[in-house]
Protein chains: 2
Amino acid sequence: MFKEIEQKKIYLQILEQIKDNIIEGNLKSGDRLPSERQWAEQLGVSRATIREAVRALEMIGLVRCQQGEGNFIAVDYEDTLTQPLTIMFWLSKAKISQIQELRRALETESAKLAAKHMTPERYEKIEKICRAIETETDESIRAELDKRFHYEIAIASENIMIKNVLLSSASLIEALIKDIRIAILDDPHRGPLIDQQHHIILQAFQNHDPLKAAMAMSQHMDLIDDFVSQLEPDD
Amino acid sequence: MFKEIEQKKIYLQILEQIKDNIIEGNLKSGDRLPSERQWAEQLGVSRATIREAVRALEMIGLVRCQQGEGNFIAVDYEDTLTQPLTIMFWLSKAKISQIQELRRALETESAKLAAKHMTPERYEKIEKICRAIETETDESIRAELDKRFHYEIAIASENIMIKNVLLSSASLIEALIKDIRIAILDDPHRGPLIDQQHHIILQAFQNHDPLKAAMAMSQHMDLIDDFVSQLEPDD
DNA sequence: ACAGGTTGGTGGTCAGACCACTGACCAATA
DNA sequence: TATTGGTCAGTGGTCTGACCACCAACCTGT
């Protein structure tokens with residue numbers, strides 16, 4: 001008979017407005033938001049309310065706050081999920097191996113899509129990184145290159161959702177196991193094997209063979225699985 | 001020589017405290033937080049600051065705020081990612097097919113892990129849902145059962161990270177395409193095919209065959225892929 | 001031309017106030 | 001007695017106005 005009257009919290013309304021403005025193109029990465037005082041006046045709300053909205057937006061990585069300078073739309077949304085994912089990890093008392101399984105799922109799908117959409121330019125870029133890994137001797141640089149290898153594949157997947165979730169989970173793992181890449185790359189048993197696996201993945205890319213790329217990446221992930229389960233035995 | 005002095009924003013310090021308290025077991029799902037006034041006094045900060053922290057926590061689904069009642073730790077963290085994922089989707093102007101690809105990656109891995117860890121009790125539960133789907137005629141109930149089918153598999157995967165990301169992306173898709181399940185299930189061509197696919201998945205579970213489960217689920221996802229790409233043609 | 005301080009604007013925090021809402025208690029009523 | 005409706009204390013939601021720390025840009029005297 002009577003409709004329920006529902007008053008959305010103001011900060012959610014502000015979020016809506018920002019979303020709409022971004023979709024319409026009025027607001028884009030790096031843009032500066034109105035100053036809090038000015039904005040509050042425009043919207044007819046108090047500064048405290050604006051600040052609550054800004055705080056919520058900052059939490060999910062959409063807004064970057066710089067004291068004395070202003071509030072800005074984030075330059076990229078890659079880290080939008082890192083914070084929430086980290087929280088979720090702690091709260092649900094998950095184990096590192098579970099994130100690794102998550103990463104495996106995304107990494108293989110990412111490789112699959114990358115093989116599907118691979119372009120000569122991107123292939124060359126990734127292959128160059130691969131070659132650099134083989135010749136580099138400094139372990140921390142090798143680790144950095146390995147990171148870029150996966151990063152470029154994620155880009156080449158042309159799926160921004162997978163890319164972002166993948167990067168977030170990867171950085172969560174790295175935050176939990178400091179220098180995990182170095183530890184894995186540096187093992188003399190694994191080193192050559194990794195280079196070989198990289199080559200198989202590359203080859204799958206070159207042949208636009210999604211299935212083979214996925215399988216190769218999955219085997220590549222096995223290495224990391226082993227490493228993780230080794231330092232985090234099953235209960 | 002000298003370390004940079006960094007004054008973390010207060011709301012981040014509060015987040016840290018909550019995290020620690022949860023990890024130590026002092027704070028658990030559904031628990032009530034101190035009232036804002038009381039809490040502010042305890043921590044020696046103003047209520048506005050407390051509120052900014054609460055707002056940030058609410059945004060990522062960790063805290064539920066009920067006017068006149070109090071602030072509570074969320075009963076589950078399943079929705080921790082839904083909001084950020086939704087924002088990310090809008091901001092990066094992603095396409096629905098990209099979320100679907102994300103979901104595919106997680107759904108197949110979820111099935112794989114579920115087959116690995118399947119117990120008789122869980123199998124029975126899932127099989128029961130499957131049978132109910134076949135006999136049910138009301139399409140909206142069928143859709144609800146289908147949702148539970150996937151939900152139980154996610155639970156059976158025993159990977160809470162994958163489960164939560166999966167559920168978030170699934171609910172994002174459903175938010176974007178209202179009644180997508182009904183639309184897919186209701187197609188007379190697809191109906192029997194779906195039941196058949198469910199059976200294959202079940203069988204893989206029964207045989208503890210991760211690979212087969214993953215493949216079956218992947219084929220199951222093909223159906224949804226088709227549906228999505230049909231109403232969202234490539235650019 | 002330049003090193004110095006000044007100044008206006010920004011976000012960060014605070015204190016105190018009022019409103020809307022909830023739940024529990026209690027009195028009046030049928 | 002059982003139900004209704006009011007009261008009240010406590011909660012989150014919002015507002016106001018103030019002060020601080022910080023930054024960038026503009027002076028200003030050398």
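Values reported hereafter were calculated over all heavy atoms of this structure, with side chains retained and with hydrogens, waters and symmetry mates removed.
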Between the axis at one end of the helix from C:dA1-D:dT30 to C:dA30-D:dT1 and the axis at the other (five pairs apiece), what's the angle to 10 degrees? 20°
Contacts of type side chain to side chain donor-acceptor pair (under 3.5 Å), residue [X], not counting sequence neighbours:
X	result
B:Glu127	B:Arg131
B:Arg103	B:Glu107
B:Thr82	B:Asp79, B:Ser168
B:Gln67	none

Could you tell me which residues satisfy side-chain contact (heavy atoms from CB on, under 4.5 Å) with [X], sequence neighbours excluded, listed by chain and number?
X	answer
A:Ala114	A:Met118, A:Ile153, A:Ala156, A:Phe205
B:Glu109	A:Arg104, A:Ala105, B:Lys112, B:Leu113, B:Ile162
B:Phe227	B:Ile177, B:Ile180, B:Ala183, B:Ile184, B:Arg190, B:Leu231

Proximity to DNA chain C (any heavy atom under 4.0 Å), residues of residues 39-58 of chain A only: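 Here the set is A:Arg47, A:Arg51, A:Arg55.
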Is it true that A:Glu52 and A:Lys9 make a salt bridge, defined as a side-chain N closer than 4.0 Å to a carboxylate O?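 Looking at A:Glu52 and A:Lys9, the cut-off is not met.
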With sequence neighbours excluded, give me every salt bridge (charged side-chain N to carboxylate O under 4.0 Å, His left out) pair touching residues 61-70 of chain A.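 Found none.
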What is the distance from CZ of B:Arg64 to C1' of D:dG12, rounded to the nearest Å? 13 Å
Nearest-angstrom distance from the residue atom CG of A:Leu33 to C1' of C:dT10: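 Nearest whole value for this atom pair: 13 Å.
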Strictly under 3.5 Å: I want the nitrogen or oxygen pairs between protein and nucleotides 9-11 of chain D, one per line.
unit_1 : atom_1 : unit_2  : atom_2 : d
D:dG10 : N2     : B:Gly68 : O      : 3.3
D:dT11 : O2     : B:Gly68 : N      : 3.3

Applying ring-ring contact (aromatic ring centres under 6.0 Å, His included), name anything that partners A:Phe149, two or more places apart in sequence or on another chain. A:His198
